[in-house]
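First up is the structure itself, then whatever we jot down about it.
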Amino acid sequence: MITNKRRTNWTNAFLVAAIGASTVFSTGCATTTTSNTARTGTEQLLISAAIDRAFSNVQFNDLAGYSVFIDQQYLDSVDKGYLVSTLRQKVLSSGAKIVSAADQADVILEPCSGGVGTDSQESFVGIPAIGIPGLPIELPEVKLASRSTQMGTAKIGLVCYDAKTGLTLGGGGEATALTHNNDTYVMGVGPFRSGSVLDQREQAVGFNGVGGSFMSGLTRVASAPVKMIDPQHSIQPFTPAARSTPASQIADLPTLDYLRK
């Protein structure tokens, strides 16, 4: 016959074993280390997109047929490398030729920055934080809906003048463009993103990289392919056999004389 005391001991032992087993199989520990760049990708995209939009307002086709030297001495801005490289691409696409020195140029193109950067603003609907008179505490703010907006600005000045005479070839001017990114939260849920950066990310990878999901219509993992050489513009058809041709033979082509300067 099992006494009440012995039954209690068995019950306690069973409970201890059950708790121990559940502890072993249910607990765990994982640590993930992450890091971020000093400047966010969103900030950089806002600026680069603003630069792209500003240059889209410039008629670079006017430079077709000219040898152009891009004088950067008056250009000082954030993301200068991207700005200059984009400017070079626009000049080349217009049908002009870029040279490395002013004395080789027909036209000197001077870019300058009137403002390249970002601004931020925040707004919300709700109750602001309220301090209690006489007490070192305050009631926290209550946000029913909030929006954080970051704007990118690019104001780029351009002037062209004759490399030989120094006379202006036109009035020049400034091209200005703005981009923006909105993060909206409703009752703490979000962000619901809209703006220039969202458009670029969705066009590039097929989904919103911040608030979206890999299951929400992922169509590709990179932006559209960039074609580096167009047969209509290449100097000669490029084939693997051409790589074995002596360098002197390529250099003797009249159309490549400018490369030796």
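The minimum heavy-atom distance between S94 and A64, with the atom names listed, is O-CB, 3.2 Å. Of all heavy-atom pairs between D71 and Y161, the closest is OD2-OH, 4.4 Å. Listed here is the closest heavy atom pair of R53 and A177: CB-CB, 3.5 Å. A102 and A163 get closest at one heavy-atom pair: O-CB, 3.9 Å.
The OH atom of Y66 sits 13.0 Å away from the CG atom of L109 when rounded to the nearest 0.5 Å. L87 contributes atom CG, which lies 8.0 Å from atom CD1 of I156 (distance to the nearest 0.5 angstrom). Atom CD of E110 and atom CD1 of I70 lie 11.5 Å apart (nearest 0.5 Å). In this structure, the separation between CD on E138 and CD1 on I130 is 9.5 Å, given to the nearest 0.5 Å. Interatomic distance, T149 OG1 to N182 CG, rounded to the nearest 0.5 Å: 4.0 Å. Here the straight-line distance linking atom OG of S120 with atom CD of E43 works out to 8.5 Å at 0.5 Å rounding.
Using a distance-only test at 3.5 Å, with no hydrogens or angles considered, a donor-acceptor pair links the side chain of S196 to the main chain of H180. Counting only distance, with no hydrogens or angles, the side chain of Q44 and the backbone of R39 share a donor-acceptor pair below 3.5 Å. At distances below 3.5 Å, not a single donor-acceptor pair connects side-chain atoms of K90 with backbone N or O atoms of S85. S148 places no side-chain N or O within 3.5 Å of a backbone atom of D183 that could act as its donor or acceptor partner. Remark: side-chain polar atoms of R193 are not paired, donor with acceptor, to backbone N or O of N181 under 3.5 angstrom.
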Next on the checklist: C160 vs D62, test: side-chain contact (heavy atoms from CB on, under 4.5 Å). Steps then yes/no.
Outcome noted: CA-CA 11 Å; C160 285; D62 296 339; over 6 Å; no

Item to check | Derivation and outcome, side-chain contact (heavy atoms from CB on, under 4.5 Å), residues K97 and V68 | outcome: CA-CA 6 Å; K97 179 177 70 174; V68 179; over 6 Å; no

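Judged by the 6.0 Å distance and 45° axis criteria, K143 is positioned over the aromatic ring of F124.
No path of Ile, Leu, Val, Met, Phe, Trp and Tyr side chains, each step under 4.5 Å between heavy atoms, connects L46 with L178, placing them in separate hydrophobic clusters. Linking Ile, Leu, Val, Met, Phe, Trp and Tyr residues whenever their side-chain heavy atoms come within less than 4.5 Å leaves V91 and I108 in two separate clusters. L45 and V78 fall into different hydrophobic clusters, defined by Ile, Leu, Val, Met, Phe, Trp and Tyr side-chain heavy atoms under 4.5 Å apart, directly or through other members. Hydrophobic clustering keeps F60 apart from V159 (ILVMFWY residues linked when any side-chain heavy atoms are closer than 4.5 Å, directly or through intermediates). Under a hydrophobic-cluster definition in which Ile, Leu, Val, Met, Phe, Trp and Tyr are linked whenever side-chain heavy atoms come within less than 4.5 Å, directly or via other members, V58 and L75 are assigned to the same cluster.
The shortest side-chain heavy-atom distance between P111 and V84 does not fall under the 4.5 Å cut-off. Looking at heavy atoms from C-beta onward, D103 lies out of side-chain contact with F69 at the 4.5 angstrom threshold.
Within 6.0 Å of CD in Q59 there are 12 or fewer heavy atoms belonging to other residues, nucleotides or ligands.
Contacts of D52 classified as side chain to side chain donor-acceptor pair (under 3.5 Å), with partners at least two apart in sequence or in another chain: Y82.
The only option from T179, D119, V116 that meets the side chain to side chain contact (heavy atoms under 4.5 Å, CB included) definition with T153 turns out to be D119.
With hydrogens and angles left out, the side-chain atoms of S93 and Q89 include a donor and acceptor closer than 3.5 Å.
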